[in-house]
Amino acid sequence: MENVATATHPGEPKTGLLHWLDENFEKPLLFAGLLSIILIITFQTLYRYVITQFTDGAGSAVWTEELARFIFIWISYLAASVAIKKRENIRVDFVYDRLPEKWQQIFWIVNNLCFLLLGAVVLVMGTDLVQFQMRYPQIAPALQIPYYIPYLILPIGFGLMCIRLVQDTWKEAKVAGTVGTLTAFIITAAIFTPVLLGVNLASTTILFGYFILFLIIGVPIGISLGLASLVTLIGSGTLPVDYIAQVSFTSIDSFPIMAIPFFIAAGIFMGSGGLSTRLLNLADELLGPLPGGMALATIATCMFFAAISGSGPATVAAIGSLTIPAMIERGYDKYFACAIVAAAGAIGVMIPPSNPFVIYGVAAQSSIGKLFIAGVLPGLLTGLVLMAFSYWVSKKNGWMGEQKERSLKSIGKAFWDAKLALMVPVIVLGGIYGGLMTPTEAAAVAAFYGLIVGLFVYKGLNKDNIVPTFINVCSTSAIVIILMAMATIFGYVMTVEQVPSKIAEFILGMTESKILILLLINALLLVIGTFMEALAAIVILVPILLPIVTKVGVDPVHFGIIMVVNLAIGFVTPPVGVNLFVASSVGRVKLEDVSKQILPILGLLILVLMAVTYIPEISLMFIGD
């Protein structure tokens with residue numbers, strides 16, 4: 001599984017106003033929107049601690065959070081149309097990638113038609129919702145504006161998605177040809193025929209049967225969740241269909257969820273302008289003289305970078321592009337070099353800030369701040385285990401560190417050069433645990449800090465790349481946000497059908513042993529992690545698994561760490577671990593060869609997982625009541 005980006009088919013170059021609008025319509029809105037919410041939430045934080053000191057505490061900035069939430073919802077759904085145009089999404093592509101090219105073209109059209117169906121339903125239902133709000137107006141409490149204004153994003157955003165889907169389908173149809181396109185329409189019609197004909201099936205059969213079918217044929221995971229829910233509502237009448245439009249808005253009208261684009265922005269802003277080089281120089285100064293010094297420095301740098309990016313693949317790409325060629329040049333086995341970077345990249349979702357922790361916190365209604373602090377020791381433990389393994393392998397093979405003069409002065413200089421990067425975790429964790437900021441406020445301040453550093457200090461952000469950078473942040477986060485919105489709908493349908501309680505009763509009927517239940521859940525997550533992205537797995541499985549573990553006495557924060565560590569292993573699990581794809585691409589080696597080298601490392605990561613699972617103190621040591 002990976003974020004799929006398929007190149008568009010070449011055609012005649014186009015010019016003119018219509019072509020410019022087609023290419024750039026969403027971009028000014030996304031740039032202005034993302035910049036606005038970063039500034040608004042940063043202002044909200046400063047207002048509380050700085051401005052009120054000069055105004056005797058008079059007044060308040062209660063409007064800031066509400067305004068930021070509404071803008072966040074708008075840019076999330078507007079950015080989804082950009083992701084469609086760029087062909088980016090979270091999909092299970094294990095089957096799709098093994099199809100002949102002709103059938104890939106056909107099923108790409110099928111996927112677009114399925115997405116288009118869901119988009120059209122939300123467009124129509126969203127329009128009805130706006131009209132209802134105009135007839136019976138509700139007023140936003142802080143901004144004092146009618147709610148139909150923010151709700152307009154449903155017809156506008158999903159309307160744009162439908163336009164982009166039609167464009168993409170037309171483009172693919174020209175390649176697939178008349179027969180291929182007709183075949184795609186027939187397959188799509190066949191998929192939905194049983195429900196439209198009123199075939200009598202149990203609601204849970206419809207829900208999970210269609211969800212699995214959509215995953216197999218390559219429909220994006222978020223859309224698979226929404227479509228499976230839609231089909232179930234049509235087939236069973238469990239809830240009204242227009243419920244989907246309502247939840248598409250309310251499910252992401254959430255202040256904690258806003259931390260996701262902020263953390264993504266902080267990592268991307270700070271990543272521009274040589275951040276990874278500065279961190280690597282610092283790690284090399286500290287660890288370089290030891291056997292396997294470059295491998296040790298690589299792991300340490302990944303741990304530093306994890307505290308900024310919060311992303312496994314981003315960590316592998318940023319650090320691996322520097323360290324894999326350097327290790328190969330110094331005599332390391334190239335497959336080992338790729339494998340150790342891929343494994344170290346998995347730490348990116350353990351050490352805070354971590355988007356999977358944010359997603360879990362929202363899904364499980366757990367404290368994101370506690371999850372962040374609970375992830376520190378498991379992340380450090382994983383890094384130390386990888387370092388010990390690298391030291392042993394390097395010493396055995398005679399891979400020595402670079403011999404150069406190192407001194408307190410050179411170490412001090414390396415610290416000084418990396419000081420701005422090292423401040424990000426201080427801002428985030430210090431702000432949260434000092435009681436100064438919520439996780440979302442800390443993320444916004446970190447994004448603002450990263451923007452200032454990227455523009456004026458590192459100068460990696462400039463007039464040529466700042467807009468594409470902002471659009472990249474928006475489209476990356478939009479994929480996750482839509483996944484969460486659709487997962488909420490899916491979760492509500494499951495709750496109405498009592499699926500979580502039935503599964504809990506089934507498992508607890510087999511055994512009430514806490515040890516065995518955690519072992520079974522770990523095995524399930526390890527399997528799921530091999531083909532499903534961690535964020536998707538969290539939003540789907542938390543409503544099912546959390547009631548089970550809490551009944552046997554597992555702390556929800558502890559279970560969040562178990563889930564994230566477990567699914568992080570999926571980043572490096574053959575055959576579809578995304579970190580392996582990135583590392584093999586950077587190292588220009590075959591995925592199969594890296595997969596063989598990763599096997600002993602996988603064994604060590606699973607041992608760490610077992611320790612985290614059965615020794616709760618590793619996660620909960622610094623968590624208060």
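Looking only at side-chain heavy atoms (C-beta outward), Thr488 and Ile252 stay at 4.5 Å or farther from each other. Taking 4.5 Å as the limit, every side-chain heavy atom of Leu116 sits out of range of all side-chain heavy atoms of Thr169. Residues Ser584 and Lys590 form no side-chain contact, since every pair of their non-hydrogen atoms from C-beta on lies 4.5 Å or further apart. When side chains are defined from C-beta on, Phe107 counts as touching Ile187, because their heavy atoms get closer than 4.5 Å. Between Met563 and Leu541 the shortest side-chain heavy-atom distance falls below 4.5 Å. Side-chain contact between Tyr148 and Leu129: absent, with no pair of heavy atoms (C-beta onward) separated by less than 4.5 Å. In this structure, Val358 and Ile257 have side chains that are not in contact, with every pair of non-hydrogen atoms separated by 4.5 Å or more. Two residues are said to be in side-chain contact when any heavy atoms from C-beta on lie closer than 4.5 Å; Leu35 and Leu451 meet this criterion.
Between Leu123 and Pro155, the closest heavy-atom pair is CD1-O, 3.2 Å. Considering every non-hydrogen atom in both Ile191 and Tyr210, the closest pair reads O-OH, 2.6 Å. Taking all atoms of both residues into account, the shortest heavy-atom contact from Ile528 to Ala537 is CG2-CB, 4.0 Å. Minimum heavy-atom separation, Ala228 to Phe214: N-CE1, 3.9 Å. When all heavy atoms are compared, the tightest approach of Ile598 to Ala339 is CD1-O, 3.3 Å. In terms of heavy-atom proximity, Pro28 sits nearest to Asn24 at CD-O, 2.9 Å.
Formation of a donor-acceptor pair under 3.5 Å by the Ser248 side chain with backbone atoms of Ile244 is found in this model. With hydrogens and angles disregarded, no donor-acceptor distance shorter than 3.5 Å links the side chain of Glu172 to the backbone of Trp108. The backbone N or O of Val349 sits less than 3.5 Å from a side-chain atom of Ser354, completing a donor-acceptor pair. Using modelled atom types, no side-chain atom of Asn579 and backbone atom of Val572 make a donor-acceptor pair closer than 3.5 Å. Remark: the backbone N or O of Gly33 is not paired with any side-chain donor or acceptor of Trp74 at under 3.5 angstrom. Judged purely by atom type and a 3.5 angstrom limit, Asp168 has no side-chain atom pairing as donor or acceptor with the backbone of Leu165. Checking side-chain atoms of Ser224 against main-chain N and O of Val219 turns up a donor-acceptor pair under 3.5 Å.
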| Criterion side chain to side chain contact (heavy atoms under 4.5 Å, CB included) on Asn355 and Val480, from CA distance to verdict | CA-CA 10 Å; Asn355 282 331; Val480 179; over 6 Å; no
| said: Walk me through whether Met161 and Phe115 qualify under side chain to side chain contact (heavy atoms under 4.5 Å, CB included). | reply: CA-CA 9 Å; Met161 289 184 223; Phe115 195 161; 4.2 Å; yes
| task | I would like to know whether Ile489 and Leu225 meet side chain to side chain contact (heavy atoms under 4.5 Å, CB included); could you show each step before the answer? | result | CA-CA 8 Å; Ile489 299 168; Leu225 290 165; over 6 Å; no
| query | For Phe72 and Ile481, what are the C-alpha separation, side-chain angles and deciding distance, and is it a side chain to side chain contact (heavy atoms under 4.5 Å, CB included)? | reply | CA-CA 10 Å; Phe72 161 69; Ile481 302 307; 3.6 Å; yes
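For the residue pair Glu497/Thr204, the side-chain donor-acceptor check at 3.5 Å is not satisfied. Residues Gln246 and Tyr151 bring a donor and an acceptor atom of their side chains to less than 3.5 Å of each other.
Here the two rings, on Phe470 and Phe269, have centers that are under 6.0 Å apart.
With rounding to the nearest 0.5 Å, the separation of CG in Leu78 from CZ in Phe158 is 11.0 Å. Taking CG of Leu182 as the start and OG1 of Thr178 as the end, the distance is 8.5 Å to the nearest 0.5 Å. A distance of 5.5 Å separates NZ in Lys85 from NZ in Lys171, rounded to the nearest 0.5 Å. Here the CG atom belonging to Leu230 is positioned 6.0 Å from the CG atom belonging to Leu117, to the nearest 0.5 angstrom. Interatomic distance, OG1 of Thr127 versus CE of Met125, reported as 10.0 Å (0.5 Å rounding). If you take CD1 on Ile71 and OG on Ser36, they are separated by 5.0 Å, rounding to the nearest 0.5 Å.
Aromatic ring pairs are classed by plane angle as parallel below 30°, tilted from 30° to 60° and perpendicular above 60°; the pair Tyr147 and Phe249 is perpendicular. Ring planes of Phe490 and Phe208: perpendicular class, angle over 60° (limits at 30 and 60°).
For the side chain to side chain contact (heavy atoms under 4.5 Å, CB included) test with Leu113, the passing option among Ile109, Asn111, Val110 is Ile109; the others fail.
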